[in-house]
Q: 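First, the structure itself, so that you have it in front of you.
Note that this is a predicted model, so its numbers are computed, not measured. Just so it is clear: chains get the letters A, B, ... in the order the sequence lines come, proteins before strands, and each one is counted from 1. In what follows, every heavy atom counts, from backbone to side chain, and hydrogens, waters and symmetry copies are set aside.
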Amino acid sequence: MEFQIGISGFIALYIFMVAGFAGWVIIGRVPAILHTPLMSGSNFVHGIVVVGGIYALLNAATLQQQIIGFCAVLFGAGNAAGGYAVTDRMLAMFKSSAHPPVHAKKTNVKSIHTKKH
Amino acid sequence: MQNILPQLLQLPPLLIGLADLAAAFLFLYGLHRMASPVTASSGILVAGIGMAVAVLASFLYAFDVDPAAQPRLMVNITLVFVALGIGGGAAWWSGRKVAMTAMPQMVAIYNGLGGGAAGAIAAIELFGGKAAGMTPFIVTLAGALIGAVSLSGSLIAWAKLDGVIEKPWRFRGQQAVNGLLLLLTLAVGAYLAVVTHGATGDSSVAVPALPTAIYLFFALALALGICMTLPIGGADMPVVISIFNAFTGLAVGLEGFVLKNPALMIAGMVVGAAGMLLTLLMAKAMNRSVANVVFTNFGTIARHKQGNIKGSLKPMQASDAGIAMRYAASVIIVPGYGLAVAQGQGKLYEFVKLLRDGGVSVKFAVHPVAGRMPGQMDVLLAEAGVPYDMIFQLEDINDEFATTDIALVIGANDVVNPAARNDKSSPIFGMPILNADKSKKVFVVKRGEGKGYADIVNTLFYSDNCNMVYGDAQAVLIKMIEAVRGLGLPAVA
């Protein structure tokens with residue numbers, strides 16, 4: 001059996017079309033309140049480019065290709081790790097009134113920001 | 001035994017294929033879960049698992065490398081680990097540490113890195129002469145161009161958002177220069193394609209024979225990204241960041257085609273479509289076309305004669321404004337970028353909790369383009385602990401201003417300028433705005449008497465029902481909190 005994936009012109013266009021449509025529909029449903037995490041989340045998703053970088057670096061046959069491949073993996077890893085870190089941080093902050101993170105009691109209204117910026 | 005070896009060699013590509021398939025599904029499912037604040041934080045975890053699976057599986061590529069790369073394999077594997085460690089570690093650390101207010105520039109950097117990675121992959125394909133055939137070659141070039149533009153453009157966007165570059169850099173004929181740059185880049189690309197593949201389309205000449213042209217191509221593409229972004233001002237950044245996000249996605253998708261990796265194609269295209277959608281949403285929220293944001297210098301066309309303004313600016317003490325809100329029945333707060341600059345979101349929610357304890361109904365109204373990236377205000381409010389069901393978007397709350405006692409505009413300006421509604425000569429005419437002016441009373445917290453980003457006089461500030469509270473948002477809020485606490489009123493809620 002052959003597991004190598006061969007993608008010819010039109011198959012590629014079909015993949016692009018369906019993926020683009022899926023992205024459009026999925027993102028179109030996201031409420032405006034989540035647009036920043038969504039943006040950094042989709043930013044994280046294109047960090048998958050690091051996989052292409054790893055492939056390219058493993059197949060690097062000259063010093064020049066090794067240097068560029070190193071950059072590709074470095075940048076791709078930065079994209080993925082950074083994108084995940086900030087998205088996760090932001091999403092953890094969204095809480096509803098039913099589950100307030102720090103709910104003010106009647107008498108002692110305490111500051112959320114004890115640390116001064 | 002001889003028969004087992006070829007069988008075994010089939011295993012890595014099978015596993016890689018399965019892992020990438022799983023990753024593509026997990027990305028889509030993860031993004032799908034991000035459609036609601038309730039499931040969103042599990043959404044990024046799902047997508048993260050997809051990424052981890054794909055990255056782990058990609059090490060299996062080591063079992064089937066080019067014969068030419070075979071002698072360097074051990075070095076290359078080491079390099080992969082080092083690059084993953086440094087790049088991933090540094091970005092993770094910075095992402096954990098960065099202040100929420102600095103999120104737009106951080107996202108811009110990560111996005112630029114992704115574009116750079118796509119461009120670098122394209123460079124290897126080009127220098128190594130690996131893209132065989134006319135179509136893959138052109139797709140590689142297209143990915144290289146878009147990725148490089150995204151890299152340099154995102155870095156300029158970062159510099160602007162971070163305040164490294166303060167003024168938009170503009171000169172006459174700038175668009176012509178940018179157009180020329182694009183044409184030059186395309187010309188070099190076409191030259192590369194023709195020289196290496198000829199009219200017949202078969203690659204007889206090795207591409208590595210033309211390193212100078214390849215370097216020139218990348219240099220031009222990087223310059224294009226810089227020149228495109230330099231003239232664009234700070235408040236247009238929501239559109240710009242969205243565009244570059246879409247660009248990087250597109251570049252990743254194109255390189256995925258060249259590398260015959262459907263996971264990259266799908267992930268890249270999904271992000272490309274998502275970025276495009278956000279770009280259009282942001283442009284719509286400003287009532288401008290995307291081309292208008294990118295190609296016209298908003299600040300310069302905005303300087304035109306203002307009509308006569310009736311009324312005057314009426315300053316007010318922060319403490320008086322705070323006490324007035326404590327005695328109001330309903331308050332809607334309109335936060336803007338000024339709140340982010342002053343890091344006032346924590347104090348704002350502290351003040352809001354005081355009001356709510358006093359039985360005042362408080363809501364937040366967020367304009368789509370408030371802040372420096374789509375939804376930035378929502379994130380800042382969430383950081384302060386504001387529950388998301390207190391935060392309302394423009395279309396959901398705009399009718400409520402008319403029945404509201406007090407609108408508190410804090411650090412926002414153009415998004416509440418009534419000129420957008422009733423002054424046809426205004427450059428922001430037609431932009432959807434929050435109807436803060438329709439509430440019974442408006443308090444505007446503002447640093448000084450200066451104009452907003454668009455450099456337009458805000459007629460709201462001069463209207464009879466409006467008072468100005470001058471000062472840094474955080475300092476003003478501290479005074480308001482002290483004043484309301486000073487009343488010593490019992491909590492009713």
Q: Working to the nearest 0.5 angstrom, can you tell me the gap between A:Leu34 CG and A:Leu91 CG?
A: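 The CG atom of A:Leu34 sits 7.0 Å away from the CG atom of A:Leu91.
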Q: Is it the backbone or the side chain of B:Leu31 that comes under 4.5 Å from a heavy atom of chain A, or both, or neither?
A: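 Both backbone and side chain.
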Q: So which residue, A:Asn59, A:Ile26, A:Val51, ends up with the most heavy-atom pairs under 4.5 Å with chain B?
A: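 So the answer, after comparing A:Asn59, A:Ile26, A:Val51, is A:Asn59.
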Q: Among B:Ala57, B:Gly114, B:Gly89, who wins on heavy-atom pairs under 4.5 Å with chain A?
A: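 Answer, by heavy-atom pair count under 4.5 Å with chain A: B:Gly114.
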Q: Report the distance from atom CG of B:Asp20 to atom CD1 of A:Ile48, rounding to the nearest 0.5 Å.
A: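 The CD1 atom of A:Ile48 is 6.5 Å from CG of B:Asp20, to the nearest 0.5 Å.
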Q: With only heavy atoms counted, which part of B:Val366 is less than 4.5 Å from chain A, the side chain, the backbone, both or neither?
A: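 No part of B:Val366 comes within 4.5 Å of chain A.
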Q: State whether a side-chain donor-acceptor pair under 3.5 Å links A:His46 with A:Asn79.
A: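 Judged by distance alone, the side chains do pair up.
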Q: So what's closer than 4.5 Å to chain A heavy atoms on B:Glu255: side chain, backbone, both or neither?
A: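 Neither part.
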Q: Measuring heavy-atom distances to chain A, does B:Ser242 have an atom under 4.5 Å in its side chain, in its backbone, in both, or in neither?
A: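 Looking at B:Ser242, backbone and side chain both touch chain A.
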Q: Which bit of A:Ile15 is near chain B, if near means a heavy-atom gap under 4.5 Å: side chain, backbone, both or neither?
A: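 Interface part for A:Ile15: side chain.
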Q: Centre-to-centre under 6.0 Å for B:Phe59 and B:Phe81, is that the case here?
A: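 Yes: the rings meet the under 6.0 Å criterion.
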Q: I'd like to verify something: which residue of B:Ile266, B:Leu394, B:Val75 has the highest number of heavy-atom pairs under 4.5 Å with chain A?
A: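 Maximum pair count with chain A is reached by B:Ile266.
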Q: Hey, could you give me the CD/CZ distance between B:Glu383 and A:Phe94, rounded to the nearest 0.5 Å?
A: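 Output value for this atom pair is 10.5 Å.
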Q: What residue, out of A:Gly28, A:Ala32, A:Ala56, has the most heavy-atom pairs lying under 4.5 Å from chain B?
A: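 It is A:Ala32.
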Q: May I ask you to decide if B:Pro13's main-chain N or O and B:Asp64's side chain share a donor-acceptor pair within less than 3.5 Å?
A: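 Judged by distance alone, no pair lies under 3.5 Å.
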Q: Of the listed residues (A:Ile33, A:Ile27, A:Ile54), which shares the most heavy-atom pairs with chain B below a 4.5 Å separation?
A: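 Option with the top pair count is A:Ile33.
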Q: Dump the intermediate steps for salt bridge (Lys or Arg N to Asp or Glu O under 4.0 Å) on B:Lys353 and B:Glu350, then the final yes or no.
A: CA-CA 5 Å; B:Lys353 282 189 289 187; B:Glu350 197 178 328; over 6 Å; no
Q: Please round to the nearest 0.5 Å and tell me the distance separating atom NE2 of A:His35 and atom CD of B:Gln376.
A: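 Rounded to the nearest 0.5 Å, the NE2-CD separation comes out at 14.5 Å.
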Q: Look at B:Leu259, B:Val139, B:Leu28, B:Leu79 and state which one has the largest set of heavy-atom pairs under 4.5 Å with chain A.
A: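 Top option by heavy-atom pairs under 4.5 Å: B:Leu79.
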Q: Pick one of side chain, backbone, both or neither for B:Val82, based on which atoms fall under 4.5 Å of a heavy atom in chain A.
A: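 For B:Val82, backbone and side chain are both near chain A.
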Q: Please classify the contact of B:Met373 with chain A as side chain, backbone, both or neither, using a heavy-atom distance under 4.5 Å.
A: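 Looking at B:Met373, backbone and side chain both touch chain A.
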Q: Would you call the rings of B:Phe27 and A:Phe44 parallel, tilted or perpendicular if under 30° counts as parallel and over 60° as perpendicular?
A: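 Taking A:Phe44 first and then B:Phe27, their aromatic rings stand perpendicular (interplane angle over 60°).
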Q: Tell me, for A:Val50 versus chain B, whether the close heavy atoms (under 4.5 Å) come from the side chain, the backbone, both or neither.
A: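 Side chain only.
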Q: Quick check on B:Leu381 against chain A: is it the side chain, the backbone, both or neither that has a heavy atom closer than 4.5 Å?
A: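 Neither part.
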Q: Taking every non-hydrogen pair under 4.5 Å, which of B:Ser58, B:Ala24, B:Gly43 racks up the most with chain A?
A: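 Ranked by contacts with chain A, first place is B:Ser58.
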Q: Out of B:Ile481, B:Val107, B:Ile124, B:Ile86, return the one with the most heavy atom pairs under 4.5 angstrom to chain A.
A: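 The residue among B:Ile481, B:Val107, B:Ile124, B:Ile86 with the greatest pair count is B:Ile124.
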Q: Which one wins on heavy-atom pair count under 4.5 Å against chain A: B:Thr135, B:Val98, B:Ile391?
A: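 That would be B:Val98.
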Q: Verify the neighbour count for atom OH of A:Tyr55: are there more than 12 heavy atoms of other residues, nucleotides or ligands below 6.0 Å?
A: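 12 or below, so no.
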Q: If we count only N and O atoms by modelled type, under 3.5 Å, do the side chains of B:Tyr110 and B:Thr248 hold a donor and an acceptor together?
A: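 Short answer, no.
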Q: To the nearest 0.5 angstrom, please state how far the CE atom of B:Met106 sits from the NZ atom of B:Lys97.
A: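 One gets 9.0 Å once the value is rounded to the nearest 0.5 Å.
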Q: In terms of the angle between their ring planes, are A:Phe10 and A:Tyr14 parallel, tilted or perpendicular, with boundaries placed at 30° and 60°?
A: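 Ring orientation, 0 to 90° scale: tilted.
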Q: Considering only heavy atoms and a distance below 4.5 Å, find which of A:Gln66, A:Arg89, A:Gln65, A:Met17 pairs most often with chain B.
A: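 The residue among A:Gln66, A:Arg89, A:Gln65, A:Met17 with the greatest pair count is A:Arg89.
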Q: Please classify the contact between B:Pro37 and chain A as side chain, backbone, both or neither, with a heavy-atom cut-off of under 4.5 Å.
A: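 Answer is both: backbone and side chain atoms of B:Pro37 are under 4.5 Å from chain A.
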Q: Select one option (side chain, backbone, both, neither) describing which atoms of B:Ala90 are under 4.5 Å from chain A's heavy atoms.
A: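 Neither part.
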Q: I'd like to verify something: which residue of A:Leu58, A:Thr87, A:Asp88, A:Leu38 has the highest number of heavy-atom pairs under 4.5 Å with chain B?
A: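 Heavy-atom pairs under 4.5 Å are most numerous for A:Leu58.
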Q: Could you tell me the separation between the OG1 atom of A:Thr36 and the CG atom of A:Asn43, rounded to the nearest 0.5 Å?
A: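 So the OG1 of A:Thr36 and the CG of A:Asn43 are separated by 11.5 Å.
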Q: Looking at A:Ala60, A:Gly83, A:Gly69, which has the largest count of heavy-atom pairs under 4.5 Å with chain B?
A: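 Between A:Ala60, A:Gly83, A:Gly69, the count favours A:Ala60.
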